[in-house]
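Small disclaimer: the values here were computed from a predicted structure and weren't measured. Ligands are counted one by one from 1 in listed order, and the atoms in each one are counted from 1 as well. All heavy atoms count here, side chains included; hydrogens, waters and symmetry mates do not.
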Amino acid sequence: TVAVVGSLNEDVLVRVGRLPGRGETVVGRDTVLAPGGKGANQAAAAGRLGGGVAMVGRVGDDPAAGRQLAALTAAGVDVSAVHRTPGALTGTATIPVEDGSGENLIVVVPGANAELGPGDVDVAAVRDARVVLLQLEVPLETVQAAAGTARGTVVLTPAPPQPLPAGLLARVDVLVPNEHELVQLAGARPAERTPAELAALARDLAAGTVVVTLGARGALLVPDGGPALLQPPPPVTAVDTTGAGDAFCGALAVALAAGTAPAGAVAAAVTAAALSTTGAGARGALPDAAAVQAALPG
Ligand code: ADP
């Protein structure tokens with residue numbers, strides 16, 4: 001089984017003719033409410049692939065909570081360890097998207113996610129999971145507690161990027177940054193880098209296995225020992241890459257929980273994430289296991 005400990009948000013998407021400047025008001029349209037949050041997106045991706053997924057987190061005491069729980073349940077996720085928090089609001093991400101350019105702004109309000117405490121993660125779902133998936137949208141002490149409670153494989157997406165305590169890195173078995181997050185964690189400057197250069201940065205983190213996601217280029221598996229391996233995606237027509245990294249992590253966790261070796265798990269994750277970009281929204285085109293199998297390269 002897979003346990004996901006992390007954030008649940010409601011995304012509030014609005015279209016605007018032009019993004020507002022400081023102090024400016026613009027009129028938007030077409031408000032769309034969509035379930036989001038890195039944790040919940042990863043859980044939904046894993047749930048859609050099957051194989052027993054439990055979410056651990058906090059939502060508010062509001063209608064958004066019901067929408068999020070219904071969406072996760074529909075994706076096959078066990079939400080019995082997602083607690084409603086009296087007096088709190090479900091976390092939100094408010095996202096105006098500009099017509100034409102597609103450029104956006106994002107304001108995240110953690111809400112109930114900030115109330116997820118170390119005591120919430122000391123549960124059987126986390127202790128007994130073969131894979132525990134973590135991100136950084138809930139308090140860091142809670143992420144550390146979850147890593148300490150886990151007896152299975154610990155997978156961490158270091159997003160949003162922030163300095164990581166050595167004790168946490170030591171307990172992480174698989175770190176999954178995108179290129180930007182890897183550069184931040186390594187304290188390097190942004191630059192065009194070859195896969196070999198990225199692998200060197202990843203090895204400097206001394207974080208066990210590192211899997212660097214590279215957008216349309218796929219992902220780079222950097223094992224603890226042995227050569228790095230670049231896994232390109234199958235050909236797809238990407239229409240919306242929002243949540244691609246979350247689809248990647250969910251699929252990686254399901255494959256690792258099934259006992260798949262790292263190279264095979266990365267191939268499955270690259271394929272699932274590529275397929276997820278073919279529909280709109282963070283959870284728009286999450287594939288099931290048969291779709292991933294059919295699209296696997298080679
Ligand atoms: P994030 O969404 O966290 O920024 P990436 O952009 O690296 O992460 O994307 C994560 C994964 O999604 C990639 O490793 C790849 O498998 C898939 N992906 C993202 N963008 C594309 C694309 N344009 N074409 C095919 N696959 C993509």
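Donor-acceptor pairing under 3.5 Å is lacking for the side chains of Asn9 and Ser7. A donor-acceptor contact closer than 3.5 angstrom links the side chains of Asp62 and Thr90.
Looking at Thr213, Thr278, Val176 and measuring to atom 8 (O) of ligand 1, the nearest heavy atom belongs to Thr213. The residue from Leu275, Asp240, Leu252, Val236 that puts a heavy atom closest to atom 25 (C) of ligand 1 is Val236. Here the shortest heavy-atom distance to atom 24 (N) of ligand 1, taken over Ala159, Ala216, Ala244, belongs to Ala216. If you check each of Ser276, Gly215, Pro233 against atom 15 (C) of ligand 1, the one with the closest non-hydrogen atom is Gly215.
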Exercise. Between Arg29 and Asp99, is a salt bridge (Lys or Arg N to Asp or Glu O under 4.0 Å) present by the stated rule, with each step listed?
Worked result: CA-CA 11 Å; Arg29 56 177 207 286; Asp99 294 336; 3.1 Å; yes

For this session: For the pair Leu214 and Leu220, evaluate side chain to side chain contact (heavy atoms under 4.5 Å, CB included) and give the outcome as yes or no after the intermediate values.
Result: CA-CA 7 Å; Leu214 299 172; Leu220 184 68; 4.1 Å; yes

For this session: Would you please test Leu164 and Leu156 for side chain to side chain contact (heavy atoms under 4.5 Å, CB included) and show each step?
Result: CA-CA 11 Å; Leu164 296 176; Leu156 171 67; 4.0 Å; yes

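Crowding of Glu197 atom CD: a count of heavy atoms from other residues, nucleotides or ligands under 6.0 Å exceeding 12.
Heavy-atom contacts of Val270 reach the following atoms of ligand 1: 16 (O) (cutoff under 4.0 Å). Within the listing of ligand 1, atoms 20 (N) sit less than 4.0 angstrom from a heavy atom of Thr241. Interface atoms of ligand 1 facing Gly218, defined by a heavy-atom separation under 4.0 Å, are 13 (C), 14 (O). Of all the atoms in ligand 1, the ones that sit under 4.0 Å from a non-hydrogen atom of Ala273 are 11 (C), 12 (O), 16 (O), 17 (C). Taking every heavy atom of Ala238 and a limit of under 4.0 angstrom, the matching atoms of ligand 1 come to 23 (N). Of all the atoms in ligand 1, the ones that sit under 4.0 Å from a non-hydrogen atom of Phe248 are 14 (O).
Salt bridge annotation for Arg130-Asp128: absent, with no cationic side-chain nitrogen under 4.0 angstrom from a carboxylate oxygen.
Protein heavy atom at the shortest distance from atom 2 (O) of ligand 1 is Gly245 N, 3.0 Å.
The line from CG of Leu116 to CD of Glu137 is 12.0 Å long, rounded to the nearest 0.5 Å.
A donor-acceptor pair under 3.5 Å is formed between the side chain of Glu181 and the backbone N or O of Asn178.
Looking at Asn178 next to ligand 1, an N or O pair under 3.5 Å apart turns up.
At a heavy-atom distance under 4.0 Å, no atom of Thr242 approaches ligand 1.
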